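Everything numeric in this text was worked out from a predicted model, so none of it was measured.
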Amino acid sequence: MTSQSPNNAIPTDDYKNAWSSIQNLVVNEGASWSGREPNRVFLNCGENRFADISSLSTADYKGDGRAVATLDWDGDGRLDIVLKSRTAPRVRLLRNLADSSANALTVKLVGTESNRDAIGATVFLEVGGRKLRQTVRAGEGYLAQSSKRLHFGLAQSTEVGLLKVRWPSGKTQQWLGVSAGQFIKIVEGEEALQVIPRPSQLAFTQANPVDIQPDGKMPVRIPLIERIPMAPVLLPAFDNPSRRVADLAGSPVLINLWGMTCATCLKELASFQKNKKKLEKVGLKIITLNTDAEDQRGKVIEMISKFGFSDGAGYTDASFMSVLEIFLGEVIGQYKGTPLPTSLLLDPNGNLVAIYQGKVPMKMLLRDAGMAKTLDPRLTSLSQFSFGLRLIQRQRDFAGMAQLFAGIGNKALEMYYRNLVPPSSGH
């Protein structure tokens, strides 16, 4: 492991291995980036004294916190907090419900000669014997941006003695005797202050809190946004332990993981058997891989023969499951084990295009197999599998996968995926 970034643009092997190890720990082993340390909230008591109010604030989550931003979301004159974490829930909005009679002043700046968002402008206040200052910034903390509306807490003061703005253009403006408790808009170069109504979120503020109950259902179909080549992956068959995915090229393939004691698996195999002619019509090969212990293989071969899928049938071992976990981790992220049945749909060139967890509906499988045959091999995008909907460009982390394969000692797959890294990626 290494805790130091490289001194130049070329990462060292130790640095890459460190990131690979962290990724594996977090994605596949449920580890934490920050040791599940709770968030801390400190109350400014004045005179350089702070009180730890983490528990009272209810913000002391043990997630992998990464960023915090402030804003007056509900327009009540009190700053609320948005927390961003690596672990779910990724985003939390914490409303400020503190019972306080204190006053505040909110200032929105609009530049004319300066940039429109007034980035870099500073507001100075003289109020109640104190001098306050805030600057409009374009970012705060790790990938975070608080509201560009500047919020000043004024305690019990009802009036601001002096309000001065220093714009990025170099110009300054000032006003005397500004009333507290307002939301004001200041436009660069204009003398009049605009008092605007505070935005209100009544539907949110009046709603009763409701606990979100998980439905307990796994997504059956996980279409990939960008396909993943799997041609060199070892796919052991009972009659050919050295078989690879590339040996099955030419038609779409469904790799189906099953176990003899898995009732859902047996129902799925029965469905495959019942619809065998339909599957053959769309050209889909069913390759079953059994997950039972090696000493059960005689019974496994007998059972799979009764279902009519002994041709090409195979088995999994520790090495195959380690490889499979890396593929599933790249697609799904952190997950807890591989449920049975799990199936992988490959296009005719041996690229992974969809994952199914649980018994896949036959109508869905026939449709997807038909689409897999018509995919343009020159394109990595699988928007067709998402029925034209594409939320975000997804570039496969082949460099990260190569490091993970190196971590499990699979040199062949390490080199294969390292060679897929685009030259411009810097890896």
Novice: Stepwise, does the side chain to side chain contact (heavy atoms under 4.5 Å, CB included) test hold for Lys148 with Leu109?
Specialist: CA-CA 8 Å; Lys148 292 190 289 292; Leu109 300 179; over 6 Å; no

Novice: Of all heavy-atom pairs between Ser242 and Asp247, which one has the smallest distance, and what is that distance?
Specialist: O-OD2, 4.5 Å

Novice: Identify the two heavy atoms, one from Phe320 and one from Asp317, that lie closest to each other, and give their separation to 0.1 Å.
Specialist: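 Nearest pair, atom of Phe320 first, then Asp317: N-OD1, 2.8 Å.
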
Novice: Side chains of Tyr356 and Asn256: any donor to acceptor distance under 3.5 Å?
Specialist: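 Note: Asn256 and Tyr356 side chains miss the donor-acceptor criterion.
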
Novice: Show the nearest heavy-atom pair for residues Ala118 and Trp167, with the distance to one decimal.
Specialist: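 For Ala118 versus Trp167, the nearest heavy atoms are CB-CZ3, 4.0 Å.
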
Novice: Mind checking whether Tyr417 and Phe405 have ring centres under 6.0 Å apart?
Specialist: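 So the answer is yes for these two rings.
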
Novice: What distance separates Trp258 CH2 from Leu340 CG, expressed to the nearest 0.5 Å?
Specialist: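 CG of Leu340 is found 10.5 Å from CH2 of Trp258.
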
Novice: Under the side-chain hydrogen bond (donor to acceptor under 3.5 Å, both in side chains) criterion, do Asp52 and Ser54 qualify, and how do the steps go?
Specialist: CA-CA 6 Å; Asp52 187 342; Ser54 304; 2.5 Å; yes

Novice: Run the numbers on Arg95 and Asp74 for salt bridge (charged side-chain N to carboxylate O under 4.0 Å, His left out), then give the verdict.
Specialist: CA-CA 8 Å; Arg95 288 183 61 216; Asp74 49 13; 2.9 Å; yes

Novice: State the CG-CG distance between Asn275 and Leu365, to the nearest 0.5 angstrom.
Specialist: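 Output value for this atom pair is 9.0 Å.
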
Novice: Got a donor-acceptor contact below 3.5 angstrom from the Lys285 side chain to the Ser251 backbone?
Specialist: no

Novice: To the nearest 0.5 Å, what is the distance between CD on Glu268 and CZ on Phe307?
Specialist: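 That separation rounds to 10.5 Å.
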
Novice: Should Val107 and Ile186 count as side-chain neighbours, where that means a heavy-atom distance under 4.5 Å?
Specialist: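 Result yes, sub-4.5 Å side-chain heavy-atom pair found.
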
Novice: Within 45° of the six-membered ring axis of Tyr142 and under 6.0 Å from that ring's centre, is NZ or CZ of Lys84 located there?
Specialist: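 Not satisfied by the 6.0 Å and 45° rule.
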
Novice: Just by distance, do the side chain of Arg78 and the backbone of Ala98 share a donor-acceptor pair under 3.5 Å?
Specialist: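 Yes; judged by distance alone, with no hydrogens or angles, the pair exists.
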
Novice: Would you check if the side chain of Arg40 reaches a backbone N or O of Asp60 as a donor-acceptor pair within less than 3.5 Å?
Specialist: no

Novice: Determine, stepwise, if the pair Thr342 / Gln357 fulfils side-chain hydrogen bond (donor to acceptor under 3.5 Å, both in side chains).
Specialist: CA-CA 5 Å; Thr342 287; Gln357 294 183 317; 5.0 Å; no

Novice: Measure the CD1-CG distance between Ile286 and Asp311 for me, rounded to the nearest 0.5 Å.
Specialist: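 The CD1 atom of Ile286 sits 12.0 Å away from the CG atom of Asp311.
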
Novice: Enter the distance from Leu346:CG to Ile255:CD1 here, rounded to the nearest 0.5 Å.
Specialist: 4.0 Å

Novice: Mind checking the CZ-CD spacing from Phe398 to Gln403? Nearest 0.5 Å is all I need.
Specialist: 15.0 Å

Novice: Does a sphere of radius 6.0 Å around NZ in Lys276 hold more than 12 heavy atoms from other residues, nucleotides or ligands, not counting ones at 6.0 Å or beyond?
Specialist: yes

Novice: Could you pull out the closest heavy-atom pair between Leu366 and Lys278, with the gap in Å?
Specialist: CD2-O, 3.7 Å

Novice: Please check: side-chain N/O of Arg244 versus main-chain N/O of Pro232, any donor-acceptor pairing under 3.5 Å?
Specialist: yes

Novice: Looking only at heavy atoms, what is the nearest atom pair of Lys281 and Lys373, with distance?
Specialist: O-NZ, 4.3 Å

Novice: Does a donor on one side chain and an acceptor on the other come within less than 3.5 Å for Ser169 and Glu188?
Specialist: yes

Novice: Answer yes or no: is there a donor N or O on one side and an acceptor on the other, between the side chain of Ser146 and the main chain of Thr70, under 3.5 Å?
Specialist: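 Yes; at least one donor-acceptor contact below 3.5 Å.
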
Novice: Given 3.5 Å as the limit, does a donor-acceptor pair link the side chain of Asp80 with the main chain of Asp72, or not?
Specialist: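 No; judged by distance alone, with no hydrogens or angles, the pair does not exist.
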
Novice: Would you please test Ile53 and Phe42 for side chain to side chain contact (heavy atoms under 4.5 Å, CB included) and show each step?
Specialist: CA-CA 6 Å; Ile53 60 168; Phe42 296 92; over 6 Å; no

Novice: How would you list all residue pairs meeting side chain to side chain donor-acceptor pair (under 3.5 Å) that involve residues 286-307, not counting sequence neighbours?
Specialist: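 Checked against side chain to side chain donor-acceptor pair (under 3.5 Å) - neighbours excluded - the pairs reaching residues 286-307 are Asn290-Asp292.
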
Novice: Please walk me through it: do Glu280 and Lys277 pass salt bridge (charged side-chain N to carboxylate O under 4.0 Å, His left out)?
Specialist: CA-CA 5 Å; Glu280 291 174 349; Lys277 289 185 178 179; over 6 Å; no

Novice: Tell me whether Arg243 at atom CZ has more than 12 heavy atoms from other residues, nucleotides or ligands lying less than 6.0 Å away.
Specialist: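 Above 12, so yes.
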
Novice: Quick one: does Gln145's side chain have a donor or acceptor within less than 3.5 Å of a partner on Arg137's backbone?
Specialist: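 A pair under 3.5 Å: yes.
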
Novice: Shortest non-hydrogen contact from Ala180 to Leu154?
Specialist: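 In terms of heavy atoms, the two residues are closest at CB-CD1, 3.5 Å.
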
Novice: Take Thr264 and Lys359 through the test side chain to side chain contact (heavy atoms under 4.5 Å, CB included) and record every step on the way to the result.
Specialist: CA-CA 7 Å; Thr264 305; Lys359 183 176 180 292; 3.7 Å; yes

